[in-house]
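Inspection log for the structure reproduced underneath, given as structure tokens.
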Amino acid sequence: MSKTQDFINDEEIMDLLEKGKGAEKSEIREIFAKSKEKNRLEPAETAKLLQINDEDLLEEMFSLARQIKEDVYGNRIVFFAPLYIGNNCINNCLYCGFRRDNKSIVRKTLTMEELRDEVIALENSGQKRLILVYGEHPMYDADFIVETIKTTYETKTGNGEIRRVNINAAPMDVEGYRKLKEAGIGTFQIFQETYHHETYAKIHPKGDMKSDYQWRLYGLDRALEAGIDDVGIGALFGLYDWKFEVMGLLYHTIHLEKTFGGIGPHTISFPRLEPAIDTPFIQETKYKVSDDDFKKLVAIIRLSVPYTGMILTARESPEVRRQVIPLGVSQIDAGSRIGIGGYAEAAKGYIPEKEQFHLGDIRSLDEVVREICSFGCIPSFCTAGYRAGRTGDHFMSLAKPGFVHNYCMPNAVLTFKEYLLDYASEETRKVGEAAIQKQLEAFEKESPERRKYVEDKLKLIEQGQRD
Ligand code: SAM
Ligand code: SF4
């Protein structure tokens with residue numbers, strides 16, 4: 001058994017999962033009641049949810065997950081896109097197409113000019129929020145990342161601009177994070193990949209930068225110490241037992257809350273392992289997560305941390321996304337390309353094949369936006385919360401009691417209107433306008449003043465005003 005000197009105790013997690021088996025229905029319903037009140041669960045409680053097999057209880061759990069999502073986040077879904085900056089990597093993570101021994105991919109780093117082309121292509125499709133993604137390499141140090149953040153913010157086209165830049169890169173030291181904070185970074189995201197120490201050691205070869213489990217585990221502590229407001233955690237599902245990983249995500253959340261005065265992670269990601277070129281590990285793993293288990297894990301995360309944002313990526317197929325989004329997801333990407341230079345290439349009609357892994361959903365942003373409306377949701381390109389200082393602890397104080405949608409729903413409608421006018425296809429505009437009308441009626445029920453406030457703003461947007 002592995003020895004741990006951190007807040008993830010493998011034995012304790014195994015033990016709780018074992019004890020969680022066969023809980024009485026009444027016990028499970030008490031846990032549901034706690035989640036319904038938007039209280040974060042304790043590990044022993046989440047362990048019990050992870051062991052539910054009873055069909056009726058599972059149905060109850062799914063419907064509660066939908067309700068909590070609605071209460072905390074309203075019916076808006078925030079859209080973003082990943083932008084891959086460079087795939088050079090000094091690590092050899094067994095599961096990743098970018099690992100240094102993979103000779104089948106072409107190594108490339110965007111120049112600032114190429115980055116501008118990518119940003120323009122993204123702005124032309126209506127994107128407002130990006131996450132920049134980097135391999136781990138000395139080339140991609142804090143100064144380089146700062147340059148890419150600045151270039152992204154500075155690249156503007158007509159009504160197009162990127163309003164929030166998030167980062168997914170290797171963990172840094174406090175000094176490095178400070179530079180990113182100054183450049184106006186949104187969220188810094190690090191996935192622990194697996195919280196299971198022994199598995200972590202097996203899939204991250206000794207001697208690699210990434211083999212240091214604790215440097216990575218405390219990577220977001222350093223980001224918060226450096227003053228970055230929002231951090232995102234995640235696990236790569238398929239490397240080890242999915243139940244263990246959900247427990248790991250919960251322990252990580254609790255650790256951040258305890259260490260930083262109640263601020264937990266801004267978002268949780270739960271990517272599933274996808275096939276990648278010349279990466280046989282992926283076919284060999286015995287921990288592949290089925291679609292049914294995936295649905296369970298999303299609902300259980302929603303119940304365990306009711307106020308934390310949840311990100312579902314285009315790794316998943318359209319069919320899976322349709323089923324899983326209502327269970328608690330607050331952010332999705334769409335129109336995504338993960339080849340280096342993929343957006344400018346796609347605009348010319350070429351779809352790159354040799355990427356970090358294969359994407360499950362390659363539909364356009366327009367198409368996904370249209371579908372999201374047909375679910376009765378409002379796509380949001382909103383970043384007003386961040387500019388109004390609704391980040392970090394302030395965000396949490398709003399999110400916890402379920403107020404976010406009172407502030408964010410009007411903003412979602414307004415940024416969606418901008419999208420419809422500036423970028424949507426005829427068909428999407430029709431569906432989108434109908435969704436806005438429905439939302440105005442919902443505002444009316446809450447308060448006629450709110451409807452009027454939003455309608456007045458919508459008129460200004462129609463006259464050409466932008467956020
Ligand atoms: N290189 C940095 C790192 O490893 O933290 C950041 C970027 S890495 C490209 C982003 C994430 O991609 C990783 O944290 C991992 O979870 C995910 N990833 C790697 N291989 C994957 C695969 N085959 N399928 C799905 N996701 C994968
Ligand atoms: Fe490199 Fe990150 Fe891929 Fe590991 S997951 S090989 S560090 S890009």
Side-chain angles (χ1 to χ4, degrees), residues 82-105 107-109 130-141 144-145 148 166-172 176 180 187-195 199-200 202-205 207-213 215-220 223 231-240 245 248-249 252 267-285 287-289 294 311-317 320 333 336-340 342 354-361:
L83 171 47
Y84 278 63
I85 303 292
N87 61 7
N88 283 288
C89 196
I90 52 169
N91 293 320
N92 230 349
C93 313
L94 262 47
Y95 47 83
C96 179
F98 288 172
R99 68 186 194 291
R100 68 168 186 269
D101 282 355
N102 192 351
K103 304 288 179 243
S104 301
I105 65 162
R107 303 287 166 177
K108 178 152 178 57
T109 302
L130 300 182
I131 181 151
L132 308 188
V133 185
Y134 313 74
E136 179 158 3
H137 197 280
M139 282 159 74
Y140 312 141
D141 61 4
F144 175 77
I145 294 181
T148 56
N166 298 331
I167 299 291
N168 184 324
M172 299 191 176
L180 269 47
T187 306
F188 198 94
Q189 202 181 56
I190 301 174
F191 303 157
Q192 187 62 22
E193 319 301 9
T194 175
Y195 285 93
T199 305
Y200 190 95
K202 271 190 206 150
I203 58 181
H204 298 110
D208 277 8
M209 275 300 288
K210 195 150 164 184
S211 65
D212 189 339
Y213 179 105
W215 175 251
R216 196 167 181 86
L217 189 65
Y218 292 97
L220 294 172
V231 297
I233 64 172
L236 181 54
F237 281 85
L239 300 175
Y240 188 60
E245 306 297 9
L249 289 167
H252 200 164
T267 53
I268 295 186
S269 300
F270 32 88
R272 274 196 294 185
L273 201 56
E274 296 296 331
I277 190 162
D278 268 346
T279 307
F281 170 86
I282 297 164
Q283 277 73 47
E284 290 156 16
T285 174
Y287 295 109
K288 237 175 159 322
V289 179
F294 191 57
I311 300 179
L312 180 74
T313 70
R315 287 175 178 84
E316 301 296 339
S317 68
V320 169
D333 58 330
S336 303
R337 296 288 178 269
I338 58 172
I340 315 295
K354 294 181 178 178
E355 301 172 329
Q356 187 199 9
F357 49 80
H358 303 304
L359 278 182
D361 187 353

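Order of listing sets the numbers, starting from 1, for every ligand and every atom in it.
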Contact region, His137 to ligand 1, non-hydrogen atoms below 4.0 Å, reads neither

With heavy atoms and a 4.0 Å threshold, my read on which part of Arg272 contacts ligand 1 is backbone

I need the atoms of ligand 1 closer than 4.0 Å to a non-hydrogen atom of [X], numbered in the order shown.
X	value
Tyr134	1 (N), 2 (C), 6 (C), 7 (C)
Val133	7 (C), 9 (C)
Leu273	22 (C), 23 (N), 24 (N)
Gly135	1 (N)
Glu274	22 (C), 23 (N), 24 (N), 25 (C)

side-chain contact (heavy atoms from CB on, under 4.5 Å) filter on Thr313, not counting sequence neighbours, yields Ile311, Arg315, Asp333

Taking only non-hydrogen atoms of Asn91 and a 4.0 Å limit, the atoms of ligand 2 in range are 7 (S)

Within 4.0 Å of some non-hydrogen atom of Lys210, the atoms of ligand 2 are 2 (Fe), 4 (Fe), 5 (S), 7 (S)

When you check the side-chain N and O atoms of [X] and [Y], is any donor under 3.5 Å from an acceptor?
X	Y	answer
Tyr134	Thr148	yes
Asn92	Asp101	yes
Asp361	Ser317	no

The answer for which part of Arg100 has a heavy atom under 4.0 Å from ligand 2 is neither

When you measure from [atom] to each heavy atom in [options], which option holds the nearest one?
atom	options	value
atom 1 (Fe) of ligand 2	Gly135, Ala170, Cys89	Cys89
atom 10 (C) of ligand 1	Asn168, Ile338, Asn88	Asn168
atom 5 (O) of ligand 1	Arg216, Gln192, Arg99	Arg216

When Thr194, Leu94, Thr285 are each screened for side-chain contact (heavy atoms from CB on, under 4.5 Å) with Leu239, the one that passes is Thr194

Is there an N/O/S atom in Cys96 that lies less than 2.8 Å from atom 4 (Fe) of ligand 2? no

(request) Could you tell me whether Glu316 and Arg272 make a salt bridge, using a distance below 4.0 angstrom between a side-chain N and a carboxylate O? (result) yes

Between Phe237 and Phe270, ring centroids under 6.0 Å: no

query = Is it true that His204 and Tyr95 have ring centroids separated by less than 6.0 Å?
reply = yes

Between ligand 1 and Ile282, can you find any atom pair, the residue atom being a heavy atom, that is separated by under 4.0 Å?
yes

For Ala235 and Glu245 the tightest heavy-atom approach is CB-CB, 4.1 Å

Residues at least two apart in sequence or cross-chain that pass salt bridge (charged side-chain N to carboxylate O under 4.0 Å, His left out) with Lys108, listed by chain then number, are Glu114

